[in-house]
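Residues take their numbers from the sequence shown, with the count starting at 1.
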Amino acid sequence: MSIKDKVASTAMVGLGLRREMLTEFCQLTPPQIEFFEVAPENWMTLGGKYGRQFKQLTEQHPFFCHGLSLSIGSPAPLDTDFVQNIKRFLDLHHIEVYSEHLSYCSGTGHMYDLMPIPFTDEAVIHTAQRIKQVEDILERPFILENVSFYAAPGAQMTEQAFVNAVLAEADCKLLLDVNNIYVNSINHQYDAHKFLASMPTERIAYLHIAGHYQEDIDLMVDTHGADIIDPVWTLLQSCYEIHGVRPTLLERDFNIPPTEILLGEINQIHAYQQHANDALKVRKA
């Protein structure tokens, strides 16, 4: 199967690639890992050994890009030079999938953190216009991720309404982060399953799943540094049942265990995808 054909498959499981994984995966990538995802900002300037290893992997496996610093909701002008650099990176490595966070991280300077966009009609229009500008430069569809947030300054609508409004106004795809739904449902006291069901099925491009840190009984912090807990696994299964199977990416950004441990969670995702597809076949029979 070609890389293009693999990317077109909905039943795929991927892993966020970290630099310390390069040597291992250049020697042997477990077949259960069917695609990789990287933040282009962390890889665009790599040369030498790391650059050669990265190029080897992009030639052998499907890659998705998930950006960190586009700052799509920023009030400052869009950094078109930065977007052009992203495009050159995507073109060089033949990467067609590009996603970013529904947030901002810059104004008059760069904050190096993902801040919540005010849930307002004005922000919907502003963000959608910038998304279309990015799409014109990248010559690729823009995929927007629902984010975890810990405060909602100036909110005039719910998170659910805001996400749906931006997707509709921009006419773009959604990277649905299952863990972020769970984290926000605890921190902001809403029903995670109702939020999940309200997302537009036809716009979902792929999924993220990850672990988080429990700061307190009613405060979860999205860290990508722990094992996935049972309520998040249950939410992933519900996602497949409601929206169908989508490519699913395991995020693990620190406290990274050996690959054989990561494969336990990757295999769990495969099992849920298979179960959902089998159930669909039974319903159609």
Quiz prompt | Pairwise distance CE(M12) to CD1(I269) - rounded to 0.5 angstrom | solution = 12.0 Å

Quiz prompt | By side-chain contact (heavy atoms from CB on, under 4.5 Å) - contacts of E96 (at least two apart) | solution = R140

Quiz item: What salt bridge (Lys or Arg N to Asp or Glu O under 4.0 Å) pairs are there with at least one residue in residues 80-90, not counting sequence neighbours?
Solution: K87-D91, K87-E139

Quiz item: Above 12 or not: heavy atoms from other molecules or residues under 6.0 Å from CD of E122?
Solution: no

Self-check item: Min side-chain heavy-atom separation V232-L236 under 4.5 Å
Solution: no

Exercise. Identify, with sequence neighbours excluded, every residue that meets salt bridge (Lys or Arg N to Asp or Glu O under 4.0 Å) alongside D136.
Key: none

Exercise. Only counting residues at least two apart or in another chain, list the ones meeting side-chain contact (heavy atoms from CB on, under 4.5 Å) with K132.
Key: none

Quiz item: In chain order, what residues pass the side-chain contact (heavy atoms from CB on, under 4.5 Å) check against A39, with sequence neighbours excluded?
Solution: E41, N42, L68

Quiz item: Is a side-chain donor or acceptor of H93 paired with a backbone partner of E59 at a separation under 3.5 angstrom?
Solution: no

Practice problem: Using ring-ring contact (aromatic ring centres under 6.0 Å, His included) as the criterion, list what pairs up with Y206, not counting sequence neighbours. | Solution: F64, H208

Exercise. Verify whether one side chain among T29 and Q60 offers a donor that lies under 3.5 Å from an acceptor in the other.
Key: no

Self-check item: Shortest non-hydrogen contact between L57 and C26, atoms and distance
Solution: CG-SG, 3.9 Å

Quiz item: What heavy-atom pair brings R246 and I204 nearest, and what distance separates the two atoms?
Solution: NE-O, 2.9 Å

Quiz item: After noting the C-alpha distance and the side-chain angles of L250 and I33, does the key distance pass the side-chain contact (heavy atoms from CB on, under 4.5 Å) rule?
Solution: CA-CA 10 Å; L250 172 65; I33 302 173; over 6 Å; no

Quiz item: Side-chain heavy atoms under 4.5 angstrom apart, residues restricted to Ile, Leu, Val, Met, Phe, Trp, Tyr: same cluster for F142 and I125?
Solution: no

Practice problem: Identify whether I261 and L263 are in the same connected component of the hydrophobic contact network (ILVMFWY, side-chain heavy atoms under 4.5 Å). | Solution: no

Quiz item: Quick one: does V83's side chain get under 4.5 Å of R130's, heavy atoms only?
Solution: no

Quiz item: Could you go step by step and tell me if Q273 and V13 meet the side-chain contact (heavy atoms from CB on, under 4.5 Å) rule?
Solution: CA-CA 9 Å; Q273 288 185 341; V13 182; 3.5 Å; yes

Quiz item: If you round to the nearest 0.5 Å, how far is CD1 of I181 from CD1 of I209?
Solution: 10.5 Å

Practice problem: Can you spot which of F63, F89, F54, F36 makes a ring pair (Phe, Tyr, Trp, His ring centres under 6.0 Å) with W43? | Solution: F54

All N/O donor-acceptor pairs, side-chain side in residues 46-53, below 3.5 Å, sequence neighbours left out:
unit_1, atom_1, unit_2, atom_2, d
Q53, NE2, T23, OG1, 3.1

Quiz item: How close do T127 and G73 get, heavy atom to heavy atom, and via which atoms?
Solution: OG1-CA, 4.1 Å

Quiz prompt | salt bridge (Lys or Arg N to Asp or Glu O under 4.0 Å) involving D121 - partner list, sequence neighbours excluded | solution = none

Self-check item: For the student: nearest non-hydrogen atoms of A11 and E34, plus distance
Solution: O-OE1, 3.6 Å

Quiz item: For the residue pair M44 and N85, what are the closest heavy atoms and their distance?
Solution: SD-O, 3.7 Å

Quiz item: Do Y240 and I229 share a hydrophobic cluster (ILVMFWY, side-chain heavy atoms under 4.5 Å, transitive)?
Solution: yes

Quiz item: Between the side chains of E145 and H101, does any donor sit under 3.5 Å from an acceptor?
Solution: yes

Exercise. Taking D177 for its side chain and N146 for its backbone only, find out whether a donor-acceptor pair lies under 3.5 Å.
Key: no

Exercise. Report yes if some heavy atom in the side chain of L144 is under 4.5 Å from a heavy atom in the side chain of S99; otherwise report no.
Key: no

Self-check item: Among T248, I143, L196, V163, the one residue meeting side-chain contact (heavy atoms from CB on, under 4.5 Å) with L176
Solution: L196

Quiz prompt | Worked verdict on H193 versus L235 for side-chain contact (heavy atoms from CB on, under 4.5 Å) | solution = CA-CA 7 Å; H193 289 270; L235 203 59; 3.6 Å; yes

Quiz item: Ignoring hydrogens and geometry, is there a side-chain-to-backbone donor-acceptor pair from S74 to S71 under 3.5 Å?
Solution: no

Quiz prompt | Side-chain heavy-atom pair L102, F162 within 4.5 angstrom cut-off | solution = yes

Practice problem: Find out whether P247 and F35 are in side-chain contact, i.e. whether some heavy atom of one side chain is under 4.5 Å from a heavy atom of the other. | Solution: yes

Practice problem: Could you tell me whether the side chain of E100 reaches within less than 4.5 Å of the side chain of L175, counting heavy atoms only? | Solution: no

Practice problem: Enumerate the residue pairs fulfilling salt bridge (Lys or Arg N to Asp or Glu O under 4.0 Å) with a member in residues 271-285, sequence neighbours excluded, ordered by first and then second residue. | Solution: none

Quiz item: What distance separates E265 CD from N267 CG, expressed to the nearest 0.5 Å?
Solution: 10.5 Å

Self-check item: Closest approach of V134 to I72 (non-hydrogen atoms, all atoms of both residues)
Solution: CG2-CD1, 4.0 Å

Exercise. Enumerate the residue pairs fulfilling ring-ring contact (aromatic ring centres under 6.0 Å, His included) with a member in residues 255-285, sequence neighbours excluded, ordered by first and then second residue.
Key: W233-Y272

Quiz item: Can you tell if the side chain of R252 reaches within under 4.5 Å of the side chain of D227, non-hydrogen atoms only?
Solution: yes

Quiz item: Does the ring centre of H61 sit less than 6.0 Å away from the ring centre of F25?
Solution: no

Quiz item: Once you round to the nearest 0.5 Å, how far does CD1 of I86 lie from SG of C65?
Solution: 7.0 Å

Quiz item: Could you give all pairs that pass the side chain to side chain donor-acceptor pair (under 3.5 Å) test and reach residues 158-170, with sequence neighbours left out?
Solution: E159-N184, E159-Y190

Quiz item: Within a strict 4.5 Å, meaning less than it, do heavy atoms of the L262 and P257 side chains meet?
Solution: yes

Practice problem: Would you kindly confirm whether L280 and I242 end up in one hydrophobic cluster when ILVMFWY residues are joined by side chain heavy atoms under 4.5 Å apart? | Solution: no

Self-check item: side-chain contact (heavy atoms from CB on, under 4.5 Å) between I137 and T80, worked out
Solution: CA-CA 8 Å; I137 296 171; T80 55; 3.9 Å; yes

Quiz item: Quick one: ring-ring contact (aromatic ring centres under 6.0 Å, His included) partners of H243, sequence neighbours excluded?
Solution: none

Quiz item: Does a donor on one side chain and an acceptor on the other come within less than 3.5 Å for T223 and H212?
Solution: no

Self-check item: Spatial distance of atom CG (L78) from atom CD (Q133) [nearest 0.5 Å]
Solution: 4.5 Å

Quiz item: Can you tell me how far OH of Y182 sits from CD1 of I228, rounded to the nearest 0.5 angstrom?
Solution: 13.0 Å

